[in-house]
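Let me begin by presenting the structure, written as structure tokens, before commenting on it.
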Protein chains: 2
Amino acid sequence: MFSDDRPIYRQIRDRIIERILTVGDGAMLPSVRALAADAGVNPLTVAKAYQDLQSADLVRAKKGVGLFAADGAVKRLLNSEREAFLSEEWPRVKARINRLGLDVADLLADA
Amino acid sequence: MFSDDRPIYRQIRDRIIERILTVGDGAMLPSVRALAADAGVNPLTVAKAYQDLQSADLVRAKKGVGLFAADGAVKRLLNSEREAFLSEEWPRVKARINRLGLDVADLLADA
DNA sequence: TGCACTGTTCTATGCCGGCAGCACAGATGA
DNA sequence: TCATCTGTGCTGCCGGCATAGAACAGTGCA
């Protein structure tokens, strides 16, 4: 379910980010306990992921109600994630593709 | 120098793998202490990376002499790394590209 | 008023990663 | 022989990650 070489709470955070990009601003997000049960993980671990997202103003928490994608979250996520991907992940991936003797164009073609 | 969310010894291991793919079978690899000094890391951390590679028969150690890329290391690395990349990393990357609405042409452009 | 949900906080425990420091064993060359 | 390189092994220490278990505070609904 999870990669063994990245902290679970970060993988949970990434999963929530994907969800925000899908459901959009203002939408309700899965509760700490529900997500923990679904992922087979301790609720504290999920809470830590959500607190990261709250620190980044991507999620609003309403005590007793639930968690919600913040206003403008999608827009800011698209910007920051695009930036991070193009400047960090993609160069590394492209170098790896070349080193393994694979063809970038071929891989992108059947997308 | 290192990503903050993956163990350093794994990032060191990846770096050594890249080097093996470059220098080829039988070539001498940087010593534990030299690589540790170069990366600004504890020698034990580098040793752990090398021991991973020895367990996978990708590196041979000669006590008092040094570390060497094992016979057939390059071939086996190309196979296993390609396999791992295509079945795990690439699908994730491709999904990310689509989710972020990135243009394939842009990714190919700055090659 | 209860009940069931929500997020949040606390304590304690265990494991892993990384560090510092030191020591040992094998190989090499002056 | 001796100095110096090599890989390997140990101790202790610390912080981060993840867990279990319990508890507190706020909301909504019957």
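Throughout, a chain's letter reflects where its sequence line sits, starting with A, and its residues are numbered from 1.
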State whether [X] places a side-chain N or O below 4.0 Å from either non-bridging phosphate oxygen (OP1 or OP2) of [N].
X: A:Thr45; N: D:dC17; value: no
X: A:Tyr9; N: D:dC17; value: yes
X: A:Gln54; N: C:dG7; value: no
X: B:Lys48; N: C:dG18; value: no
X: A:Gln51; N: C:dT9; value: yes

Take the protein atom [atom1] of [X] and the nucleotide atom [atom2] of [N], then report the distance between them rounded to whole Å.
X: B:Asn42; N: D:dG9; atom1: CG; atom2: P; value: 15 Å
X: A:Ile8; N: C:dC15; atom1: CD1; atom2: P; value: 16 Å
X: B:Leu44; N: C:dG21; atom1: CG; atom2: C1'; value: 10 Å
X: B:Arg10; N: C:dC16; atom1: CZ; atom2: P; value: 12 Å
X: B:Arg13; N: C:dG17; atom1: CZ; atom2: C1'; value: 14 Å

- Note on the structure: Comparing B:Ser31 with A:Arg6, nearest DNA chain D nucleotide closer to 5' gives the residue B:Ser31

- Message: Assess whether a salt bridge exists between B:Glu18 and A:Arg96, defined as any Lys/Arg side-chain N lying under 4.0 Å from an Asp/Glu carboxylate O.
- Response: no

